[in-house]
K.L.:
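What follows is a structure written as structure tokens; I'll ask about it next.
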Amino acid sequence: MKEEGIKPDMVTYNSMVYGYSTSSSIKEALGMIRGIVKRINSGYLNNGKEIHCHVIINGLDYDMHVATLLVDMYVKNDDLTSAQAIFDCMTNRNTCGWKSLISGYSCKGHFEKS
């Protein structure tokens, strides 16, 4: 896309993830979602929620790495309630997920929760 001068946006990414997930290319869909979530920085909470919905709709929320990235995205956007909810639903929790949630609570002064 970039070689042809096309700048991808959320619609482009959603279309690509949908295409991968419906064509049984789950590995590619997960890779695309990981890349998108990593690019979401502070101030883009609505885009992050859009990606989160797409993850749920396509049944990709079981992936530990995707869930961890979503926890991190919500923490970076000061939505600790959503971050905690995702973390609580994770069947396998990794160090990065714990670290993101603990640092989020600590930065906001919720030391008892961290």
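Worth knowing before you read on, the calculation uses all heavy atoms, side chains too, and leaves out hydrogens, waters and symmetry mates.
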K.L.:
Hydrophobic cluster membership, with links at side-chain heavy-atom distances under 4.5 Å among I/L/V/M/F/W/Y: are Met64 and Val66 in one?
P.N.:
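The answer is yes; both residues are in one hydrophobic cluster.
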K.L.:
Do the non-hydrogen side-chain atoms of Asp79 and Lys49 ever get within less than 4.5 Å of each other?
P.N.:
yes
K.L.:
Tell me whether Asn77 contacts the main-chain N or O of Met73 through its side chain, where contact means a donor paired with an acceptor under 3.5 Å.
P.N.:
yes
K.L.:
To the closest 0.5 Å, what do you measure between CD1 (Ile102) and CZ (Phe87)?
P.N.:
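So the CD1 of Ile102 and the CZ of Phe87 are separated by 7.5 Å.
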K.L.:
Passes side chain to side chain contact (heavy atoms under 4.5 Å, CB included), Val71 versus Met90? Steps please.
P.N.:
CA-CA 10 Å; Val71 168; Met90 292 172 67; 4.2 Å; yes
K.L.:
Could you tell me the separation between the SG atom of Cys96 and the NE2 atom of His65, rounded to the nearest 0.5 Å?
P.N.:
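Reported to 0.5 Å precision, the distance equals 9.0 Å.
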K.L.:
Under 3.5 Å, is there a donor-acceptor pair between the side chain of Ser103 and the main chain of Ser100?
P.N.:
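Looks like yes, one N/O pair under 3.5 Å.
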K.L.:
How long is the gap from CG on Leu70 to CG on Asp72, to the nearest 0.5 Å?
P.N.:
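Going from CG on Leu70 over to CG on Asp72, the span is 9.5 Å.
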K.L.:
For the side chain of Arg93 and the backbone of Thr68, is there at least one donor-acceptor N/O pair under 3.5 Å apart?
P.N.:
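Checked: no pair found.
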K.L.:
Once rounded to the nearest 0.5 Å, what's the spacing between atom CG of Asp63 and atom CG of Asn92?
P.N.:
10.0 Å
K.L.:
Treat each ILVMFWY residue as a node, draw an edge where side-chain heavy atoms are under 4.5 Å apart, and state whether Ile51 and Ile56 are in one component.
P.N.:
no
K.L.:
Measuring from Leu80:CG to Tyr74:OH, what's the distance to the nearest 0.5 Å?
P.N.:
12.5 Å
K.L.:
If you measure only the distance, is there a donor-acceptor pair under 3.5 Å linking the side chains of Tyr105 and Gln84?
P.N.:
yes
